[in-house]
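All values reported here derive from a predicted model rather than from experimental measurement. Just so we're on the same page: letters track the sequence lines, and every chain starts at 1.
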Protein chains: 2
Amino acid sequence: MKASAPGITLKTVAAKAGLGRSTVGLILNGRGDELGIPAETQAKVHKVAANLGYRPNSLALGLAGKKTQTIGLILPSGPFYPQNLMPQDISLRLHRRGYQTYLVDSLQDPDVMLESLKEMATRRVDGICFHMKLPIPPKVREALNQFPATVLISNIPIPRTDFRAHVIYLDMVPAIDDIVDHFVQTGRRRPMIVTSVNDAMTNLEKIGPFRDALRRQGLDASEEGTIFGVNAGIPRDSDYYTVFRDAFEAQRLEDRDFDALFCTCDEAAVAAIRYLTEKGRRVPDDVAVVGLNNTPMIQGYKPSIASISWNHVEAFDLIEARMVERLKKPDAVPGYDEAPLKFIRRESAG
Amino acid sequence: MKASAPGITLKTVAAKAGLGRSTVGLILNGRGDELGIPAETQAKVHKVAANLGYRPNSLALGLAGKKTQTIGLILPSGPFYPQNLMPQDISLRLHRRGYQTYLVDSLQDPDVMLESLKEMATRRVDGICFHMKLPIPPKVREALNQFPATVLISNIPIPRTDFRAHVIYLDMVPAIDDIVDHFVQTGRRRPMIVTSVNDAMTNLEKIGPFRDALRRQGLDASEEGTIFGVNAGIPRDSDYYTVFRDAFEAQRLEDRDFDALFCTCDEAAVAAIRYLTEKGRRVPDDVAVVGLNNTPMIQGYKPSIASISWNHVEAFDLIEARMVERLKKPDAVPGYDEAPLKFIRRESAG
DNA sequence: GTGAAAGCGCTAACAG
DNA sequence: CTGTTAGCGCTTTCAC
C-alpha cells in the first residue's frame, strides 16, 4: 500500500470504480445526492478512493480556479517573546481552519516584501497575514491590495485610506506614557532610553513616543541626553543579552547621566541591571529600569523586572478571527482593531 | 500598472509581442539561443514581459511537472530558545536558496504528522524538513520516504534502516552525563530531575539518560526519588515560568529530598531558584541547579544559571546544507550528522 | 525560427 | 444518472 497521492489521480479511481472521471469527481466532492447518483455507487466510489489513498492534487485544484486553501504569513523575524511565538501560533490556528501557510521573513525590507508578495500572488494564496512595524510604502500597500483577504498587524497607526486590509494596531504609546509618568511620579528626572542603533529604524516607534512623553513632562528630551544608542550588530544567534552587556562595557554606560532606563527589550534590561549593579549603582534605588516584551523569565529576577506587555493571546485570537472573516467576505468593508500594550510595574521600576 | 501576475499570463505576453505562446515560453525560459531565435525577438519578449510584470503561475508550473520550489517544514511547536528560532531561520535560509516554505506544527502527534505529510504530498513539495523528538512510527517513516528530499532532525538516535532521509541527531546524552558527573564530583548525592508531566512524552529523552547516569554513578535512580513531575498543563501563552513556579508551590517542592536539580527548561530553573531561595535554601550551596536550552538571559541571573546548550547556529547551517544537498541529489545515499549538546557550567551548579 | 497540439489533474458546464 | 468537453497556465514535443 503506497503512502499516498503521487500517481493516484481521479483517473485511477475512476478506472478502478469503472466510472467516468467527472462522475467520480462530483461524488467525491459531495455533490452526489444533489445529482441523484445512487447511494451504492457513491459508497463504492468513496471506498475505492479511500483504499487507494486518493487525494486531489492541490495544484490542479488551484489551477482549476478553486481556492488554494493557502495563506501567506509575511512576518519580520525576531527572537523576542512573544513575537517569536507568532509564526507557529498563527500557522497552527489557520491550519485548524483548514489552511496551509507559507512562512516568509520580511526582513523589514520593502523590496523583500514586494518580492514576496509577488511570489505569493503567483502561488494564488487566498490571503495574507502581514506584520509591519514601520510605515508602509505605497508600493507595498498596493501589492497588498491585490489579495482577496489580508490582515495587517501594525506597530504604528495606519491611515486607512484606500486600504483593503483589516488592520490590527499594536499601540505602544499609552504604555510608554505610563512609564514616563511613573518615572516622574517616583522622582526621576533624567530618564534615558536604551536602544540598538542598527535597529533604530524599527525602534522609531519607541523612541518617538518616549521623547514626546518626556517633553510633555517638561524633562530634557534632547537626543544626546535621552538616547543611549547601542552600537552593535544583530547577533547571528540572537543572543541579545550578550550584545547589550558587551556594548554597555564598550560604551561605558556608567558614564552617562541618568536615573531611569527604558530598555527596548528585556534582554537589554537584564544586561543593564547586572552591569549597573556591578558598577555599584543600585536598582531601583539609584536607577529605575524598565524592559520591553514582558518575557516570562524576568518575573524571576531579583529585582523582578518591570516591562511592557503585549497581550499576545488576545492579539492572536484577533488575527485568527479577522483573517477568517476576510476570507469569508473579502468584499466587506475592512475593519480596524486596537490592541494597546500595557506597562507592567515591578520591583526594578521602583 | 497592475501589481502583478493575476491576469497576466503567457498568452497575454504572447499577444502583446505578436508571437505564439510556446515561443514566448521558450524564450522566457532562456532556451532562445539554443533554438536559434533572433536576439531581437528575444529582447523584445523579455521587455514586454517585464513591462507587463509577467510572472509564471506557480501552480501551473508545478502541474506541468516542474519542481514547485517549495519545502514543507514540519516542526514541533515550542516556545523555548533556540527551538523557537527554527521556523523563521530555516525558512529564511531556504528562501534565500529560492524556495518557499510551508510551516506546519506537528504537535508531536503522529496522526497530525501523517496528515500533514499527505497534505504536503498533495502540494508536491520538493522536500521536507522534519523535526522529531520521539521515536518515529513506521507509518510516518514510510510517509517521509515518499518525498524526493527530506532532512530529519531528531533528538533521539535513529536506526538508519531503510530510510531515505538525511538525519541530524541532536545528542543530549553526553551533556546529561556531564551534569551528573559534575554533581557527583562536587559532592551531591541526591540529584533530581524536574519535568512537566504532561510533557513527559517529549521528556523521555531527558529522563532516561538522566537516570542512566545516576545508576552508573551508583546513586539512587528510583522513579520516586529522582523525578519531580510537574503536574500542570501547557500554558496557553507559553508562560512556563509561571506554570513551574505555581507548581512548585502547589506540590511543595521544598518537601522533597534533594541537593541537585536538573530542570528540563531554563524557565523551570529560574522558577526553582527563586522559589528555593524564598524557602531559605541557598543556590548553589544547598542545592545545585542546572537548566536546559541555555537561554541567553540566564547569564544575567544572580547566580548565573548553568544549562545545556544546543549549538543551534551550527545545526541550522547543517540543516540548510543537507537540505540543499538532498534537493540536488535525491538519489544519493543519505548521510548522518551528530550535533551533540553541551553542558555549560555556571554559578548555579556550584 | 515559430506555431500547433498534447498533457499535467481537476472543475464545471453541457449533453445524452 | 453518467459521460463528454473545454479550460485553468504552463512545458514539451513535433511539425511547418
key: Beyond-backbone contact of B:S58 with B:Q69, side-chain heavy atoms, under 4.5 angstrom   =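 The answer is no; the side chains never approach within 4.5 Å.
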request  = Assign each of A:G25 and B:T41 to its nearest nucleotide of DNA chain C by heavy atoms, then name whichever residue's nucleotide is nearer the 5' end.
outcome  =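 With A:G25 and B:T41 compared, the 5'-side residue is B:T41.
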note = Of B:A64 and B:I37, the one whose nearest nucleotide on DNA chain C sits closer to the 5' end is B:I37
Length of the line joining [X]:[atom1] and [N]:[atom2], which is rounded to integer Å:
X      : N      : atom1 : atom2 : result
A:L59  : C:dG9  : CG    : P     : 10 Å
B:L35  : D:dC14 : CG    : P     : 14 Å
B:L28  : D:dT11 : CG    : P     : 8 Å
B:R123 : C:dC10 : CZ    : P     : 14 Å
A:R124 : D:dC10 : CZ    : C1'   : 12 Å
B:L10  : C:dG7  : CG    : P     : 20 Å
A:L26  : D:dC1  : CG    : P     : 14 Å
B:Q42  : C:dG1  : CD    : C1'   : 11 Å

query = Which word best sums up how the rings of A:Y336 and A:Y169 line up, parallel for under 30°, tilted for 30 to 60°, or perpendicular for over 60°?
reply = tilted
Under 4.0 Å from OP1 or OP2 of [N]: is there any side-chain N or O of [X] that close?
X     : N      : value
B:R55 : D:dG9  : no
A:K66 : C:dA12 : yes
B:N29 : D:dT11 : yes

Polar side-chain atom of [X] near backbone of [Y] as donor-acceptor pair, under 3.5 Å:
X      : Y      : value
A:H131 : A:I153 : yes
B:R21  : B:A14  : no
A:N155 : A:L170 : no
A:S91  : B:L103 : yes
B:E314 : B:A339 : no

ask   = Taking 4.0 angstrom as the limit, do B:E325 and B:R322 come out as a salt bridge?
value =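 Counted as a salt bridge, because a side-chain N and a carboxylate O are separated by less than 4.0 Å.
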request  = Salt-bridge test for B:R236 and A:D317: reply yes if a basic N is under 4.0 Å from a carboxylate O, no otherwise.
outcome  = yes
ask   = Which nucleotide sits closest to the side chain of B:N57: D:dT11, C:dC10, D:dG9?
value =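 Nearest to the side-chain atoms of B:N57, counting from C-beta on, is D:dG9.
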task = Side chain of B:L61 only, please: which of C:dC8, C:dA12, D:dT11 is the nearest?
result = D:dT11
query = Which residues in residues 15-23 of chain B have at least one heavy atom lying under 4.0 Å from any atom of DNA chain C?
reply =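 Residues of residues 15-23 of chain B under 4.0 Å from DNA chain C: B:L19, B:G20, B:S22, B:T23.
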key: Terminal helix-axis angle for the helix from C:dG1-D:dC16 to C:dG16-D:dC1, with five pairs defining each axis and rounding to 10 degrees   = 60°
task = Determine whether the side chains of A:Q88 and B:N84 contain a donor N or O and an acceptor N or O closer than 3.5 Å.
result =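 Judged by distance alone, the side chains do not pair up.
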